[in-house]
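Some notes on the structure that comes next.
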Amino acid sequence: MKIKFLFFVLFILIAAGVFYYLEAFQELNREFSASAISLAALISVGAGIYATRVYGLKSYNGKAFLLITIGLFFWFIGELAWLYYQLVLNIDYPFPSIADLFYILAYPLFLAGIIIKMKKSEINSTQKNKNLVLSLAMIVFVASFYLIAKATFEAGLDFWETFFNFAYNIGDSILLTLSFFIAFLVMQYKEGKLFRPWLIFIVALLAMFLGDALFFLYPFEYEQGDNWYYVLSEMSFVLSYLLFSASLFCIGSLTKDVRESFLKST
Amino acid sequence: MKEEKLNKICGLIGENLGQSIVNDYRNFYQDKTDDFILTSVENLLKELIGPKATREQLSRLNIEK
């Protein structure tokens, strides 16, 4: 399994590297970028379905993974809608659009999935740790609220642009808070096989947060496209979906390996 | 092992290893001793979720060796 895991991580790094090269050093091609992101999102949905099937819907783990997978599916639909605007309608920067509705819908599903996972796992964290995480989340929320408000008003955005900017701000603060809470889970799983996949899940959440943050903090640069902010933002999205895929696939695969190898050995 | 205890153990296995495998484990544990079952579940969970989380989960079941 270790070799499979290393192979998977290597594949993700190569895929992200190729994407980075094509984005950074070739002529700007938004359709390529949106297609690559959509494909990566689709892979993550497949990995989510796999993890859900391994646990089954009667278990809390299965329910948690189902919600996360539906969240990833909404993101995938959002990516497809974004691609449709660019490829068919020839709109380079479709924001705000119907795609944003699907992006936003994914956040509560992720939240619900992780809450089920954390609650049923009854992660043993002290009140002090919980307060620390909530304080950090509040600081991030207020700081990003301020930065996005500043960028929004300086750019003179309309109602829907402003609305979605702030909706994403709340959603991304949720992602960040979730990643802090999953860190408790990861600490509990130390020395277990699920330790690394959950660690990857945290990195995936953080990569999504980074991609979103760059998108909202540098709207003009993103719209323009031929600069580092755009490349880094798009790269973060691809990387995030690939890491979600790796994490969910490994969680399912490792769990299956452990249960089956035990029965075989007996 | 009493049915009630075995149900608890199988519930734990289902949550951590997936529902589809529970019956296989139930059949396998049916004629085993308490000590064997608890040691085996402990080892299984340790491999997957590590010793700390395993201790937590087993202590919540309130089953002693």
Side-chain angles (χ1 to χ4, degrees), chain A residues 1-2 5 49-66 116-126 129 182-199 201 248 250-266, chain B:
Chain A
M1 188 61 214
K2 211 168 186 178
F5 181 82
I49 292 171
Y50 175 67
T52 308
R53 278 181 61 115
V54 167
Y55 284 101
L57 288 180
K58 281 184 190 165
S59 70
Y60 70 82
N61 271 317
K63 288 182 183 105
F65 286 124
L66 177 70
I116 288 179
K117 173 74 188 159
M118 302 297 289
K119 211 173 160 64
K120 293 291 179 180
S121 300
E122 291 180 42
I123 296 308
N124 199 14
S125 60
T126 60
N129 282 342
I182 298 172
F184 287 130
L185 184 84
V186 169
M187 281 189 273
Q188 294 261 321
Y189 283 0
K190 220 170 172 187
E191 292 175 50
K193 284 190 170 176
L194 293 186
F195 172 74
R196 277 184 298 184
W198 277 107
L199 205 62
F201 197 90
L248 293 168
C250 287
I251 288 170
S253 179
L254 286 167
T255 304
K256 218 172 158 185
D257 277 2
V258 168
R259 72 189 190 189
E260 279 166 12
S261 66
F262 175 79
L263 279 177
K264 266 181 206 161
S265 69
T266 51
Chain B
M1 180 177 263
K2 279 185 186 166
E3 193 63 24
E4 188 196 350
K5 273 188 186 178
L6 192 60
N7 284 343
K8 280 186 184 178
I9 292 283
C10 286
L12 193 65
I13 289 172
E15 290 299 350
N16 285 287
L17 298 166
Q19 294 292 324
S20 62
I21 207 85
V22 170
N23 279 340
D24 294 343
Y25 276 90
R26 186 184 290 277
N27 293 337
F28 174 70
Y29 286 145
Q30 207 72 55
D31 54 352
K32 302 288 186 292
T33 63
D34 287 16
D35 199 42
F36 175 88
I37 296 172
L38 286 169
T39 308
S40 137
V41 171
E42 192 178 351
N43 290 339
L44 254 177
L45 293 183
K46 261 186 196 169
E47 192 178 349
L48 198 66
I49 58 175
K52 201 176 173 190
T54 300
R55 264 199 311 276
E56 282 286 319
Q57 296 211 12
L58 283 174
S59 70
R60 252 181 274 131
L61 281 190
N62 220 6
I63 298 175
E64 285 172 17
K65 268 191 188 177

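Note that the coordinates shown come from a computational prediction; the quantities given were computed from them, not determined experimentally. In what follows, chains are A, B, ... by sequence order, proteins preceding strands, each numbered from 1.
- Rounding to the nearest 0.5 angstrom, the gap separating the CG atom in B/Leu48 from the CD atom in A/Glu191 is 13.5 Å.
- Smallest separation of non-hydrogen atoms from B/Glu15 and A/Lys58: OE2-O, 4.4 Å.
- Residue A/Arg53 qualifies as open at atom CZ: its count of foreign heavy atoms under 6.0 Å is 12 or below.
- The heavy-atom pair separating A/Ser59 from B/Gly14 by the smallest distance is CB-O, 3.8 Å.
- Heavy atoms only, all atoms of each residue included: A/Tyr60 and B/Gln57 are closest at OH-NE2, 4.1 Å.
- Atoms CD1 and CG, from B/Ile49 and A/Leu185 in turn, are 9.0 Å apart once rounded to the nearest 0.5 Å.
- A/Arg259 pairs in a side-chain contact (heavy atoms from CB on, under 4.5 Å) with only one of the listed residues (B/Asn16, B/Val22, B/Ile13, B/Ile21), which is B/Ile21.
- Side-chain atoms of B/Gln19 never come within 3.5 Å of backbone atoms of A/Leu57 as a donor-acceptor pair (strictly under, hydrogens ignored).
- For chain B, the nearby part of A/Lys190 is the backbone; its heavy atoms alone come within less than 4.5 Å.
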